[in-house]
*Asks:* 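Take a look at the following structure, please.
Owing to the predicted nature of the structure, the values given are computational and were not obtained by experimental measurement.
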Amino acid sequence: MCVAGEPIMARPLLKIHRYFRRKPVRFFSFILLYLTAGSLVFLHSGFSGETTSNGGSGSARDPVPAEAGGGSSSSDSLGVLGRVFKETRRAPRRFGPPWLKENRAQDSPEWVLRGVEHASSWSHGLRGRSTKEVDDGRAKYIGCYVDDTKRRALRGVSFLDYKKMTIFRCQDNCAERGYLFAGLEFGAECYCGHKIQGLNVSESECNMECKGEKSNICGGPNRLSIYRLELSHESARRYGSAIFKGCFKRPDNVTLALPVRAAIQNMSVDKCVDMCTEKEFSLAALAGEKCHCGFPTRLFTLHEHEDEEMCVRRCAGEDFESCGNDDFFVVYQTQVQDNRCMDRRFLPTRSKRLIALASFPGAGNTWARHLIELATGYYTGSYYFDGSLYNKGFKGERDNWRSGRTICIKTHESGRKEIEAFDTSILMIRNPYKALMAEFNRKYGGHIGFASQAHWRGKEWPEFVKNYAPWWASHTLDWLKYGKKVQVVHFEDLKRDLFSQLKDMVIFLGLEVSEDRLLCVEGQKDGNFKRSGLRKLDYDPYTAEMRSTIDELIKTVDTELRKRNLSGVPEDYRPR
C-alpha cells in the first residue's frame, strides 16, 4: 500500500522540479522573494522590540509610576512590576561639595547668570518637559547655549548615539565621570564639562527631539540643552578620573606625609592631579598655590575629615572648584594604584582551623573576600567553584574548601551539618531589601551586571522574593544557633567604617594587623567586583505585601541578635 502511494505523492514535487529546471530564472526569483520577505519580517520585529525597550513611545495604557518607598494599594499587588518608565527619571539624588553651591551667583560669569535667570522661564519654549523632569533632585535644567565645534561650550568627554540618545543617558555618563554639567546637542550628542563656556540663547533654538525619547528635547544644531548635575555620595564626587576625598587638616610633618610638592601658577584640580599621577602617587592634595603628592599613611590617614568650609578658596585657574589653603588641604585620589596591598598568596602552612565567611547571597560576600585578601595578603577560598571569580583573581576559588591553604572560606550554606563543619565564622548581614535586589541582579546579570527590565517586570521577581526573603532570615538564625564562634559584621557598618571594621576582621582571623595595608585597602576598596551603583530602576519593585513580610523578618532577626547581646540591625533598614 505504501509502495503504491509513493508515485502519487511524488507527482506534485516532480512537476515543480521540472518547472524550475526549465525556467531557472523563475527559481532564483522565487528564492530571492522568499529571503526578502523573511528579512522584512525580521526587521519589523526588531524595530518593534527596540521601541518598546527604549520607552520611546509610551502607550496610553501605561500606569503612572509609584512613589519610591510606597507599595501598591491595588488588588493586583504585582501591577507595579509591569510598569514602563522613561529613562529620564532613573538616577538617584546627587550632592556636591558646599563650595560649589554657595555664592554661585556672585562668582559666576555673566553668561552663566543669564542661564540661571532664564531657567525660571524655560517652560514656554520646550515641549514634553515637566518641572519634575527638569529639577528632579538629580539634575537641574540650566538653559539653551551656543556650541562651537572649534571651541566647545563643554570641554570634557563626549559621546554620540544617533539611535538611542536620552537625557538620562547623557546625564548619567557625565555624572559617573564627575562632571558638573551635561549638555545634549543635535538630538544625539552628549557633552560633559566642569564649566559652561558659551552664550545662553533663546529656548526656541533648542528644538530637536532626543533620538531615544521623542517626548524630550536634546538641544539643536550647534545648540546645547545643558543640565547642572548633583553628585550622590563621596565615591561619585569626582573631577574627571580623580575621586574627591574631602577636606583635611595639614599634617604635622607635611614633608614626610606628602613627600612631593610643587608651586603651580593658576592652580587647578587638573594641574595638581596630573602632576601627582605623572609622579605615580595616589593622593593629590591642593593647598592654595601648592600641590602635594603622596600615599595614605599613619601620618596622613584621611580618617579625620574637616568641615569642607575650612577648605573654601577658589582655584586661581578654575571657577567652580576649591583649591584649599595653607592649613586645610583639598584631597583627591588619582588613578595611580597603591601597590602596598596588592600582593597575595596561599598560607605558608596549612591551617587546621576552617573559618567560614558566611552570608546570604547578595550580602557582599565577594566584596568582603576582596577586602580580606588585600588586608591580609592571603587568598580566600570557597565552598563552591566559580570560574569567573577565579579568572578575576580569586585564586583560592579552585582549591578544595578543606585544603587549609586559604584564610577563610566563602559559603552561603545554612544547614546545621554544613555550619558545624567550620570551627569559627564571620557572618555578613545586609539589609534584605538591598541583598535581595543584589542577588536578583547577580542571578540574571552576573557578578557586576544587572537583571533586565523584563525580569523585574515579569514573574521572576515576585517569585524570587517569595522564595528568598524567608531564607534571608533563616540563614542568619541558623548561623547564630549552630555556629561555634561567630563574629557578626553588618555590610552597612563595613561600608561606613571600613578601616576599623576590617581591622577587627583581621584580628578575628588570627593575623597581625598591618595599618599600611589597611590604608591601602581604603583606596582600592571597590576592586573589580562592584556594580556601577547606577539605579536601573526608578520605581519601588517591592509591593506592600512584600514589604510587610520582609519587615517582620527583619524584626525577627533583630530580636535574635539582641538576645545574644549583639548589636541589632542598623537603623537604616529597621522597620519604622
Side-chain angles (χ1 to χ4, degrees), residues 339-430 439 442-443 446-448 471 475-476 478-489 491 494 501-514 517-518 520-521 524-530:
N339 290 319
R340 292 175 297 171
C341 58
M342 302 309 293
D343 61 300
R344 288 167 291 167
R345 58 195 177 101
F346 288 104
L347 292 174
T349 57
R350 293 181 184 268
S351 173
K352 295 181 180 179
R353 274 200 321 158
L354 292 178
I355 305 175
L357 178 62
S359 75
F360 173 78
N365 201 307
T366 302
W367 179 55
R369 290 179 65 187
H370 165 71
L371 297 176
I372 289 171
E373 291 196 358
L374 295 187
T376 65
Y378 295 118
Y379 290 122
T380 59
S382 178
Y383 194 80
Y384 321 98
F385 171 70
D386 187 326
S388 66
L389 290 181
Y390 177 84
N391 292 333
K392 284 179 177 283
F394 287 111
K395 300 306 179 184
E397 192 77 13
R398 184 172 285 180
D399 262 35
N400 183 284
W401 66 281
R402 290 181 176 274
S403 71
R405 298 206 306 159
T406 55
I407 192 62
C408 61
I409 299 103
K410 164 190 173 178
T411 179
H412 298 310
E413 301 301 310
S414 56
R416 178 174 182 174
K417 181 180 178 181
E418 289 79 7
I419 294 173
E420 290 181 343
F422 293 95
D423 300 295
T424 58
S425 59
I426 295 173
L427 176 61
M428 291 276 296
I429 304 175
R430 186 182 185 184
E439 175 59 11
R442 187 208 62 80
K443 185 174 182 180
H447 281 285
I448 58 174
W471 181 21
H475 181 278
T476 299
D478 284 351
W479 277 92
L480 291 174
K481 183 178 181 179
Y482 302 120
K484 297 173 185 176
K485 184 181 178 182
V486 180
Q487 173 164 315
V488 173
V489 176
F491 175 89
L494 182 60
Q501 291 285 324
L502 189 54
K503 182 177 181 179
D504 290 343
M505 292 167 71
V506 173
I507 293 171
F508 183 82
L509 292 170
L511 298 175
E512 185 177 342
V513 174
S514 167
R517 287 192 79 100
L518 291 179
C520 170
V521 173
Q524 322 286 334
K525 60 183 179 182
D526 291 338
N528 300 316
F529 314 104
K530 183 184 176 183

*Asks:* Quick check for you: to the nearest 0.5 Å, what is the distance between Glu418 atom CD and Asp478 atom CG?
*Replies:*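 Reported to 0.5 Å precision, the distance equals 10.0 Å.
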
*Asks:* Arg345 and Tyr378: side-chain donor and acceptor closer than 3.5 Å?
*Replies:*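 Yes, a side-chain donor-acceptor pair sits under 3.5 Å.
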
*Asks:* Looking at Asn365 and Ala358, what are the two nearest heavy atoms and their distance?
*Replies:*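 That closest heavy-atom pairing would be ND2-C, 4.1 Å.
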
*Asks:* Can you check whether Leu480 reaches Leu427 side chain to side chain, under 4.5 Å on heavy atoms?
*Replies:*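 Yes, at least one pair of side-chain atoms sits under 4.5 Å.
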
*Asks:* Could you check Thr366 against Asp386 for side chain to side chain contact (heavy atoms under 4.5 Å, CB included), going step by step and ending with a plain yes or no?
*Replies:* CA-CA 11 Å; Thr366 302; Asp386 187 326; over 6 Å; no

*Asks:* Checking side chain to side chain contact (heavy atoms under 4.5 Å, CB included) for the pair Gln501/Val489: CA distance, chi angles, key distance, verdict?
*Replies:* CA-CA 8 Å; Gln501 291 285 324; Val489 176; 4.2 Å; yes

*Asks:* Does Asp423 use its side chain to pair, donor to acceptor, with the backbone of Leu354 at less than 3.5 Å?
*Replies:*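 Indeed, once roles are kept as given, a pair shorter than 3.5 Å links the two residues.
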
*Asks:* Show the numbers, then the answer: is there a side chain to side chain contact (heavy atoms under 4.5 Å, CB included) between Ile426 and Cys408?
*Replies:* CA-CA 9 Å; Ile426 295 173; Cys408 61; 5.8 Å; no

*Asks:* Applying side chain to side chain contact (heavy atoms under 4.5 Å, CB included), run through Asp399 and Tyr379 and close with a yes or a no.
*Replies:* CA-CA 10 Å; Asp399 262 35; Tyr379 290 122; over 6 Å; no

*Asks:* Using side-chain hydrogen bond (donor to acceptor under 3.5 Å, both in side chains) as the criterion, point out the one residue from His412, Glu413, Glu397, Lys410 that pairs with Tyr384.
*Replies:*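 Exactly one option meets the side-chain hydrogen bond (donor to acceptor under 3.5 Å, both in side chains) with Tyr384, and it is Glu413.
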
*Asks:* Taking C-beta and beyond as the side chain, do Met505 and Ile372 meet within less than 4.5 Å on heavy atoms?
*Replies:*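 Met505 vs Ile372: side chains touch.
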
*Asks:* Compare every heavy atom of Leu518 with every heavy atom of Ala375, then report the nearest pair and how far apart it is.
*Replies:*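 Shortest heavy-atom separation between Ala375 and Leu518 comes out as CB-CD2, 3.7 Å.
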
*Asks:* Which pair of heavy atoms, one from Met428 and one from Gly364, lies closest together, and at what distance?
*Replies:*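 Residues Met428 and Gly364, closest heavy atoms: CE-O, 3.9 Å.
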
*Asks:* Are any of the side-chain heavy atoms of Thr380 and Leu357 separated by less than 4.5 Å?
*Replies:*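 Not touching, per the 4.5 Å side-chain cut-off.
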
*Asks:* For the residue pair Val506 and Arg517, establish whether any side-chain heavy-atom pair is separated by less than 4.5 Å.
*Replies:*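 When only atoms from C-beta onward are counted, Arg517 and Val506 do not touch, as no gap falls below 4.5 Å.
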
*Asks:* For the rings on Phe422 and Trp401, is their centre-to-centre separation under 6.0 Å?
*Replies:*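 Here the rings of Trp401 and Phe422 have centres that are less than 6.0 Å from each other.
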
*Asks:* Are any non-hydrogen side-chain atoms of Leu374 and Cys520 less than 4.5 angstrom apart?
*Replies:*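 Contact flag for Leu374/Cys520 side chains = no.
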
*Asks:* Which heavy atom in Arg350 sits nearest to a heavy atom in Ser403, and how many Å separate them?
*Replies:*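 Looking at all heavy atoms of both residues, the shortest contact is NH1-O, 2.8 Å.
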
*Asks:* Taking Gly362's backbone N and O only, do any of them form a donor-acceptor pair with Arg442's side chain (distance below 3.5 Å, no angle check)?
*Replies:*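 Checking the backbone N and O of Gly362 against the side chain of Arg442, no donor-acceptor pair under 3.5 Å is found.
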
*Asks:* Taking side chain as C-beta onward, heavy atoms only, is Thr406 less than 4.5 Å from Phe394?
*Replies:*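 Sidechains of Phe394 and Thr406: no contact.
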
*Asks:* Going by heavy atoms in the side chains, are Leu347 and Ile407 under 4.5 Å from each other?
*Replies:*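 A side-chain contact exists here, since the closest heavy-atom pair is under 4.5 Å.
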
*Asks:* Report the relative orientation of the aromatic rings in Trp471 and Phe360; use parallel for angles under 30°, tilted for 30 to 60°, perpendicular for over 60°.
*Replies:*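 Ring orientation of Trp471 relative to Phe360: perpendicular.
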
*Asks:* Whether the side chain of Trp479 engages the backbone of Ser359 through a donor-acceptor N/O pair (distance < 3.5 Å, no angle test) should be reported.
*Replies:*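 No.
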
*Asks:* Count the heavy atoms belonging to other residues, nucleotides or ligands that lie under 6.0 Å from NZ of Lys484, then report whether that count exceeds 12.
*Replies:*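 Enclosed: over 12 neighbouring heavy atoms sit under 6.0 Å from NZ of Lys484.
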
*Asks:* Please report the closest heavy-atom contact between Ser382 and Ile409, naming both atoms and the distance.
*Replies:*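 It is C-CG2, 3.6 Å.
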
